[in-house]
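Scope of the values below: all heavy atoms of this structure, side chains included, with no hydrogens, waters or symmetry mates. The chains referred to below are lettered A, B, ... by the order of the sequence lines, with proteins before strands, and numbering in each begins at 1.
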Protein chains: 2
Amino acid sequence: MILTIKDIAKKAGVSISTVSRVLNNKDLVKDETREKVLKVLETVDYIPNYTAKRLRENTISTIGIIVPDISAAFYAEMIKGVENKANEANCGLIVCDSQNDVKKQRSYTRYLYDGRVDGMIFVVPGLDDNELAKINADGLSIIVFGKDTESLGIGSITVDNFNGAYQAVKHLILHGYKRIAYIGGMEAHNDYDHQARMAGYRQAMDDNHLEIADGYIDNGGYTEEGGTSAFARLLKLKNPPDAVFCANDEMALGVLKVAKKNSIKVPEELGLIGFDNIRICQYTSPTLTTVSQPTLTIGTLLGERLIFKLHNKNNNIINTNLVLKPELIVRESCGCYK
Amino acid sequence: MILTIKDIAKKAGVSISTVSRVLNNKDLVKDETREKVLKVLETVDYIPNYTAKRLRENTISTIGIIVPDISAAFYAEMIKGVENKANEANCGLIVCDSQNDVKKQRSYTRYLYDGRVDGMIFVVPGLDDNELAKINADGLSIIVFGKDTESLGIGSITVDNFNGAYQAVKHLILHGYKRIAYIGGMEAHNDYDHQARMAGYRQAMDDNHLEIADGYIDNGGYTEEGGTSAFARLLKLKNPPDAVFCANDEMALGVLKVAKKNSIKVPEELGLIGFDNIRICQYTSPTLTTVSQPTLTIGTLLGERLIFKLHNKNNNIINTNLVLKPELIVRESCGCYK
DNA sequence: ATACATTATGGTAACGTTTTAATAAATACA
DNA sequence: TGTATTTATTAAAACGTTACCATAATGTAT
């Protein structure tokens with residue numbers, strides 16, 4: 001038998017309103033009455049109907065997050081950060097996996113948008129500015145990771161990809177590598193990670209007066225297989241690279257695989273640096289040098305900021321872009337220990 | 001401006017009941033009227049208030065899942081399977097990370113239980129039978145992974161851990177290893193995985209007339225560090241093992257680390273098999289032989305069965321335990337390619 | 001034409017909560 | 001003691017939907 005506030009009121013011999021006030025720790029209730037109600041609550045197993053509460057309060061106390069791939073360590077860790085914060089705020093978290101598909105991302109957006117959440121987190125949105133702006137205008141609190149949306153009045157967090165890439169490539173150069181290639185992400189104009197990392201690569205090469213040979217910029221779509229085929233193409237060039245910087249670790253794993261197959265020694269004959277610092281980097285041989293993004297921190301910050309927004313709807317102080325610094329994690333594949 | 005069904009009714013010149021019927025594709029509405037309503041719906045941006053709908057229908061169309069660690073690949077993949085199915089059923093998914101802590105698991109249970117979900121999935125529950133039975137009795141649909149709860153009238157999915165362990169150990173024996181040790185999980189009586197895998201190990205040793213030396217059964221708590229220290233202890237025995245079977249891959253990684261540090265050659269001087277087939281197994285050197293659990297399939301099945309239950313509350317056909325067969329994935333660490 | 005089904009529509013209660021406004025009780029002040 | 005003020009309590013409206021029941025419109029058989 002499921003009890004309602006009405007049952008409690010009857011049992012305690014008070015009105016519904018009084019029980020409600022006790023439940024919500026409101027003042028204006030005599031200690032004596034409060035005790036009476038609390039005593040009843042102790043003896044029975046009453047669970048408030050949150051749906052009714054939400055209908056009345058016009059809130060959902062749930063947030064949503066849409067990530068490209070829930071089973072990728074990078075995003076799983078980020079979700080964990082968000083989850084912690086949401087939980088602290090007694091707020092549910094609905095996780096959606098868009099499977100790297102903008103269409104699916106759009107349909108999930110719609111799904112969440114249909115009154116299922118108070119706010120949502122877009123991780124690397126494929127949606128364009130107009131779409132994001134519209135959702136924001138509709139009063140749903142949103143926050144974005146992976147794209148600077150400050151100009152749209154939407155808070156966001158980004159990692160300084162340019163700087164991370166620059167550090168990585170500069171590091172390779174310091175080790176004496178000269179023919180450095182870049183394997184990027186999606187080629188699409190809305191792949192901001194790719195664009196910024198490529199720019200960092202270019203700048204580092206340029207600052208050190210190194211030439212980027214024809215074909216040295218290739219794409220692997222962020223997957224291991226993509227990295228495999230991209231590096232295979234690079235090897236076929238008449239003057240193959242002596243080092244590769246990859247826009248993520250997955251692709252670096254692909255490169256490593258091909259290098260092993262072709263008996264190319266890493267780092268002796270090929271320098272290699274990835275991006276993201278996924279856990280596998282520690283276990284490959286050689287271990288993978290990479291650029292680390294503080295995923296858990298990012299998740300925590302995303303959660304924190306969204307929840308702040310939820311509670312301060314009209315405070316725009318947080319609708320700004322926060323840039324986090326990535327960090328070069330030196331391991332074996334860059335040549336530091338050869 | 002947020003529209004309600006009332007606004008639509010007014011605009012279409014019909015009653016709210018009619019609009020409701022159109023929205024829910026009920027019959028008993030004339031084509032002409034339906035058209036009229038649909039036309040209005042096309043021109044405006046009406047989003048039904050799901051909270052109200054749920055209050056009225058006494059449903060939440062949301063399920064919850066509690067996993068020990070969201071950022072562990074094993075569970076992330078499982079969640080992905082659940083997520084797919086939930087989404088197909090137009091059902092939200094709330095993910096909770098209990099951080100391997102029974103207390104947290106309990107508080108999350110309470111959190112979800114408080115009218116936030118229609119049903120929930122317990123992945124490797126630390127809760128005891130009484131607790132589970134109580135939740136089940138309260139009419140919340142639940143399903144469990146990692147523990148056979150059929151006798152409680154709760155549907156569950158388990159992997160045949162005994163068989164998986166048996167296969168693994170037998171495989172080691174076939175390669176000629178004789179002094180085989182086992183590194184288990186939690187030692188606790190409610191760590192069913194551990195119990196079953198240990199039993200499989202014992203049986204395989206017994207069937208092949210091999211002795212389990214003193215100290216050959218140790219525990220590592222499923223973490224890499226745990227594996228590290230457990231193997232360190234094993235090495236200190238006066239007759240150290242020539243092979244180790246670990247109750248999961250994380251601990252096998254720890255073993256591998258210590259072996260490398262002590263220049264013990266795997267698989268020449270030490271055979272090693274793990275459990276779970278996490279992705280890292282493919283990248284270590286040597287690559288790790290392991291027992292694979294079909295995580296994605298498990299997730300899919302969990303989602304499917306829970307949603308079936310939601311729609312068929314009184315159908316007990318599904319309150320049964322489903323046993324999945326694990327598969328030995330042969331790689332280098334077991335000695336197949338030495 | 002009348003009676004009777006059948007089909008279509010509308011009015012309204014209900015879901016369980018919070019909150020506002022009204023009322024009752026207690027306290028303070030003159 | 002009586003009035004004004006504060007404090008405590010309650011009744012009832014509201015949140016937006018669905019579903020039951022009543023009524024109206026239409027169709028069919030006598």
Side-chain angles (χ1 to χ4, degrees), chain A residues 1-41 44-62 90 92 113-118 138-139, chain B residues 1-41 44-62 90 113-118 138-140:
Chain A
M1 177 54 192
I2 210 148
L3 299 174
T4 72
I5 199 172
K6 215 166 160 181
D7 301 312
I8 306 298
K10 196 182 288 172
K11 273 189 213 291
V14 299
S15 75
I16 300 183
S17 337
T18 303
V19 177
S20 174
R21 271 195 293 271
V22 172
L23 286 170
N24 295 288
N25 290 313
K26 294 272 170 73
D27 46 0
L28 281 180
V29 37
K30 220 196 318 187
D31 285 352
E32 195 185 316
T33 323
R34 167 166 282 134
E35 285 306 321
K36 205 162 56 175
V37 174
L38 287 176
K39 192 158 281 171
V40 172
L41 285 171
V44 300
D45 194 18
Y46 166 69
I47 296 173
N49 182 318
Y50 279 76
T51 308
K53 186 181 185 124
R54 284 169 208 148
L55 174 60
R56 178 59 231 231
E57 293 184 336
N58 196 27
T59 173
I60 329 235
S61 51
T62 302
N90 221 268
Y113 185 70
D114 277 358
R116 263 183 191 90
V117 296
D118 297 309
D138 280 350
Chain B
M1 178 52 195
I2 211 148
L3 299 174
T4 72
I5 200 172
K6 216 166 162 181
D7 301 311
I8 306 299
K10 197 182 286 170
K11 273 189 213 291
V14 298
S15 74
I16 40 177
S17 329
T18 302
V19 177
S20 173
R21 272 192 289 263
V22 171
L23 286 170
N24 295 286
N25 289 312
K26 295 273 170 75
D27 44 2
L28 281 181
V29 37
K30 221 201 310 193
D31 286 353
E32 197 185 316
T33 325
R34 168 166 280 132
E35 285 307 319
K36 205 160 59 178
V37 175
L38 287 175
K39 194 158 280 168
V40 172
L41 286 171
V44 301
D45 195 18
Y46 166 69
I47 296 175
N49 182 316
Y50 279 78
T51 307
K53 185 177 184 130
R54 282 170 209 145
L55 174 59
R56 178 60 230 228
E57 294 184 333
N58 196 27
T59 174
I60 328 231
S61 51
T62 303
N90 222 268
Y113 185 68
D114 278 358
R116 249 169 264 263
V117 296
D118 297 308
D138 280 351
L140 206 66

Roughly, in whole Å, what's the span from [atom1] in [X] to [atom2] in [N]?
X       : N      : atom1 : atom2 : answer
A:Ile60 : D:dG16 : CD1   : P     : 12 Å
B:Asp7  : D:dC15 : CG    : P     : 11 Å
B:Lys30 : D:dA24 : NZ    : C1'   : 11 Å
B:Leu28 : D:dA24 : CG    : P     : 18 Å
A:Asp31 : C:dA26 : CG    : P     : 15 Å

Looking at [X] and [Y], what are the two nearest heavy atoms and their distance?
X        : Y       : answer
A:Lys53  : A:Asn24 : NZ-OD1, 3.2 Å
B:Ile5   : B:Tyr46 : N-CE1, 3.7 Å
A:Asp118 : A:Ile60 : OD1-N, 2.8 Å
B:Val22  : B:Arg34 : CG2-CA, 4.1 Å

Quiz item: Are there more than 12 heavy atoms of other residues, nucleotides or ligands under 6.0 Å from atom NZ of B:Lys36?
Solution: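 Counting other residues, nucleotides and ligands, NZ of B:Lys36 exceeds 12 neighbours.
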Quiz item: How would nucleotides 16-23 of chain C be written as a contact map, 5' to 3', with B for base contact, S for sugar-phosphate-only contact and - for no contact, using protein heavy atoms under 4.0 Å?
Solution: BBBB----
Self-check item: Chi angles and distances behind the side-chain hydrogen bond (donor to acceptor under 3.5 Å, both in side chains) call for B:Ser17, B:Ser20
Solution: CA-CA 5 Å; B:Ser17 329; B:Ser20 173; over 6 Å; no
